[in-house]
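Order of the sequence lines fixes the chain letters, A, B, ..., with proteins taken first and strands second; residue numbering starts at 1 for each chain.
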Amino acid sequence: MPLNTLTLARKAVLAGTALLLTAVLPAHAAWDLNLPRGVTSTSREVFDLHMLALWVCTVIGIVVFAVMIYALLKFRKSKGAVAAKFTHSTTAEVIWTILPTLVLIFLAYESAPALIRIEDTRNSEMTIRITGYQWKWQYEYVGQNVSFFSTLAQTSNEARQLDSGLDPHQVENYLLEVDRPLVVPVGTKIRYLLTSNDVNHAWWVIDLAVKRDAIPGYINEGWFTIDEPGIYRGQCAELCGKDHGFMPVVVEALPKAEFDAWLASQQAPAT
Amino acid sequence: MTTITQGHAAQDHAHDSHGPARGLSRWLFTTNHKDIGTLYLLFALVMLFVGGGMALVIRAELFQPGLQFVNPEFFNQMTTMHALIMVFGMIMPAFVGFANWMIPMMIGAPDMALPRLNNWSFWILPFAGTILLSTLFMDGGGPAAGWTLYPPLVLQSGNSLAFAIFAVHLLGMSSILGAINIIVTVMNMRAPGMTLLKMPMFVWTWLITAYLLILVMPVLAGGVTMLLTDRFFGTSFFQAAGGGDPVLFQHIFWFFGHPEVYIIILPSFGIISQIIPTFSRKPLFGYSSMVYATAGIAFLSCIVWAHHMFTVGMPLAGQMFFMMSTMLIAIPTAVKVFNWTATMWRGSLSFETPMLFAIAFLFLFSIGGFSGVMMAIAPVDFQYHDTYFIVAHFHYVLVPGALFAAIGGAYFWLPKWTGHMYDETLGKIHFWLSAVGVNLTFFPQHFLGLAGMPRRIPDYATQFADWNAVSSVGAFLFGFSQLMFVYIVVKCIRGGKQATAQVWDNPEGLEWTVPSPAPYHTFDEAPLIK
Ligand SMILES: [Cu+2]
């Protein structure tokens, strides 16, 4: 009797799942699976490393799982398998200690140069100071006399209120839009100095492969060079209180000449 | 490798005269390792549903974009409390419960070495758990800065922070007392002939875990005490404005936090190492390399902590060191997975519920291991860090890893504890529902993380909607199928087919030489082991 009820319950859950999936599937297809390649030399290098590690893991996984599945199918008691008596094999154990070691040395060897390049902030052409606040970002163009705050766009802010009645799907770039984006030139090595005014935050733009913590009392530095003009979106990535999910990062990359014009227009009212 | 040379069933009746006390006082004042083990396991089961309920609040809110059920403040309390309850209230007590029940029986000891301490280390728990949960109802709510309690954010908490920190102190004290008891028991109470290298793997993994606990729990206690004085007594250990260092706390926390991961997973390895040989009808492959691998993992776990902190801006040399040391952990872990596979190789396999959970552990824990290797690579970790990729990784290690090991272990030893066989059909259904649910919940979270969804957010951009919906459906399936587990356990306690002393097909170990259910007192006279 309980078994029947439970089977029924299971069927109900499965049917519900199937219904739900069919309802969701065609509505809006955004079944993203992987990291984007991004628009900086670093992001491409990181993407290649990610794919390398993923493939190494996938191949090892397929081999190991295949052996396991073979064992599960072949050595069944129900098929009359009789247990062998062996308890160890020094050869096998040495081999399967050395093999993963070699794979890991290979991965470390491939990764170390990327790490060194990421940390090399020399020869930058401009510096931007980024400060995290609960819950907005401040951008200062060092030596340019330009500085402003960047907060969640009003459209997103209205829709994200509890029971707002507004459909997030109808809001353009829901939660990933700001009032004033960080504007930068393409093809320029930009050094950023990152700190916080209150609690820890993290400045993250996935297409730039930049994620660094903004910590009060610390100034973290890093760099990026964007290759293509465009708008790149990210979010705060370190829990920073109630509106942690609502302090996006938007970077607008302009061709150099347009950027210079933009910068000049920003400087004019300030001076 | 352990052979009984002397029967002892007769002695088990010698102490029938002083069986358990009656009523509530049996449980309040008990110094019996089996009673205390039961208390631990029941406490963990209750906390599984408390923490699980919080997880379902989280998944309900994340089912679709926009805020439907809770405000962000409460959401943050849920993520924080879910983790604290599951780590300190559920999975750690569950494994201490297994240790209490099984270690004395496995090493041929009559009880734990320090029975009164044992009673105390359990009874601290319900009070600590209540204090922790009560913060949710206090002014300003419970802790909401994540279970990692990072300052300066955590210092913005209300007065409830003092209660949360006190609860963490109590939970840590309970763990340390339990660990001391386990070490003293294993070191002093083994039956004659039970040399260290004849101990069952479960005892080995717990011995090493207990040392890890004693090493790192005081570090956590120190860290949270400094938080307490920063918040309430005006010190500035972690306040930059007063000359303190917020990153120092992260080093302290993860010096505790990373070994903590292995404190949870090593006993799981131990349980899996008992289950797989039993249902393969073949001894554990590479016993001594398993012991060395366990010790190796424990040592390495103490020198990798800053891989949780690649984005805080460490010097290049530091990042290199923590990247490489983290990768090293994969080697002993791989050795373990290979040894389990070799144990099944040319065995005679059957697929009772404990074995199903152990096999699922083997596959799914490996997936968590693979994503772990990927995250060790510092330059790529800049992309993975604090995203759902991490959430997927550690849930694969902790749910189909540690929790499946605990559930498998419960099915494995339930007949020994209760004297009844559990309902095998229901057990298998429970397994398949759990296996499908857990993958449906956590596998899509890999995709969400890679696509750019940060963790610990109550609402998200619309491109993350689809996989979040799938994940939430999986979570409810997984959560509600655990009610089946409760039903099966209760049914097994109340009755069922009488279990034999051996329960399974010729299993190895002293616990299978005593009757089922195990008498209240076992091994009043030590068994002899050749
Ligand atoms: Cu933030």
Side-chain angles (χ1 to χ4, degrees), chain A residues 6 10 13 17 20 24 30-35 46 49-50 53 57 61 67-68 71 75-77 81-84 87-88 93 96-97 100-101 104 108 111 114-115 118-119 160 162 168-169 174-176 199-200 202 206 209 211-213 215-217 220 235 237-242 244-245, chain B residues 65-67 71-73 146 150 152-153 240 246-247 281-283 285-286 289 311-313 316 319 324 327 330-331 334-335 338 341 344-350 362-363 370 373-374 377-380 382-383 385-386 433 447 450-452 454 456-459 461-463 466 469 473 477 484:
Chain A
L6 284 161
R10 183 177 56 151
V13 170
T17 318
L20 211 141
V24 171
W31 301 88
D32 287 334
L33 298 178
N34 204 354
L35 272 181
V46 163
L49 271 177
H50 158 73
C57 290
V67 174
M68 287 179 189
F75 307 116
R76 287 170 171 256
K77 183 169 180 258
V82 180
T87 57
H88 62 275
E93 287 170 76
W96 68 49
T97 309
T101 312
L104 291 167
S111 323
L115 192 57
I118 288 173
E119 295 297 330
R160 66 108 173 170
L162 185 59
H169 292 289
Y174 178 62
L175 299 188
L176 295 178
V199 302
N200 297 356
I206 198 166
K211 186 188 286 137
R212 204 42 70 104
D213 291 357
I215 303 169
N220 275 328
Q235 284 180 268
E238 178 66 52
L239 179 61
C240 59
K242 73 180 170 75
H244 161 57
Chain B
L67 290 178
N71 56 37
E73 294 91 326
Y150 279 5
L153 180 62
V247 176
R281 293 164 183 78
K282 197 163 150 280
F285 183 90
S289 71
T311 61
V312 302
L316 181 62
Q319 297 189 43
M324 313 250 174
M327 287 180 163
I331 298 166
V335 166
F338 295 147
T341 311
M344 298 195 297
W345 194 260
R346 291 180 53 209
S348 172
L349 306 182
S350 60
L362 223 52
F363 282 87
F370 285 132
V373 169
M374 295 172 70
I377 301 171
V380 197
F382 293 143
Q383 293 285 48
H385 181 75
D386 268 338
L433 287 176
F447 307 142
L450 292 177
R456 293 168 166 167
I457 55 173
D459 191 7
T462 48
Q463 70 261 38
D466 302 322
V473 170
L477 172 65
M484 252 191 104

Please rank [options] by heavy-atom pairs under 4.5 Å with chain B and give me the top one.
{"options": "A:C57, A:A71, A:G241, A:A53", "value": "A:C57"}
{"options": "A:L176, A:L115, A:T97", "value": "A:L115"}
{"options": "A:N34, A:L49, A:L33", "value": "A:L33"}
{"options": "A:A237, A:P100, A:G245", "value": "A:A237"}
{"options": "A:V82, A:L239, A:V46", "value": "A:L239"}
{"options": "A:C240, A:A202, A:G217, A:A114", "value": "A:C240"}

Chain A heavy atoms under 4.5 Å from [X]: which part of the residue, side chain, backbone, both or neither?
{"X": "B:A334", "value": "side chain"}
{"X": "B:M327", "value": "both"}
{"X": "B:V373", "value": "side chain"}
{"X": "B:F382", "value": "both"}
{"X": "B:P458", "value": "side chain"}

Partner chain A: residue of [options] with the largest heavy-atom pair count (under 4.5 Å):
{"options": "B:V247, B:L153, B:L316", "answer": "B:L153"}
{"options": "B:A461, B:P246, B:P379", "answer": "B:P379"}
{"options": "B:V380, B:L67, B:L349, B:V312", "answer": "B:L349"}
{"options": "B:R346, B:K282, B:M374", "answer": "B:R346"}
{"options": "B:A330, B:P454, B:A240", "answer": "B:P454"}
{"options": "B:M344, B:M324, B:H385", "answer": "B:H385"}

Which atoms of [X] are under 4.5 Å from chain B, going by heavy atoms: the side chain, the backbone, both sets, or neither?
{"X": "A:L35", "result": "both"}
{"X": "A:V67", "result": "both"}
{"X": "A:I215", "result": "side chain"}
{"X": "A:N200", "result": "both"}
{"X": "A:L162", "result": "both"}

So does [Y] get a backbone contact from the side chain of [X], meaning a donor-acceptor N/O pair under 3.5 Å?
{"X": "A:H244", "Y": "B:I457", "result": "no"}
{"X": "A:K77", "Y": "A:A83", "result": "no"}
{"X": "B:Q383", "Y": "B:L450", "result": "no"}

Rounded to the nearest 0.5 Å, what separates atom [atom1] in [X] from atom [atom2] in [Y]?
{"X": "A:M68", "Y": "B:W345", "atom1": "CE", "atom2": "CH2", "value": "11.5 Å"}
{"X": "B:I331", "Y": "A:L104", "atom1": "CD1", "atom2": "CG", "value": "5.5 Å"}
{"X": "A:N220", "Y": "A:D213", "atom1": "CG", "atom2": "CG", "value": "7.0 Å"}

Nearest heavy-atom pair of A:E93 and B:S289: which atoms, and what distance?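 Shortest heavy-atom contact: OE1-OG, 2.8 Å.
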Determine the minimum heavy-atom distance between B:G66 and B:D459, stating which atoms define it. N-OD1, 2.6 Å
Counting C-beta onward and ignoring hydrogens, is there a side-chain heavy-atom pair between A:P168 and A:R160 closer than 4.5 Å?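 No, every pair of side-chain atoms sits at 4.5 Å or beyond.
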Are the side chains of B:R281 and B:S350 in touch, meaning some heavy atoms are under 4.5 Å apart?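 In short, these two side chains touch, coming nearer than 4.5 Å.
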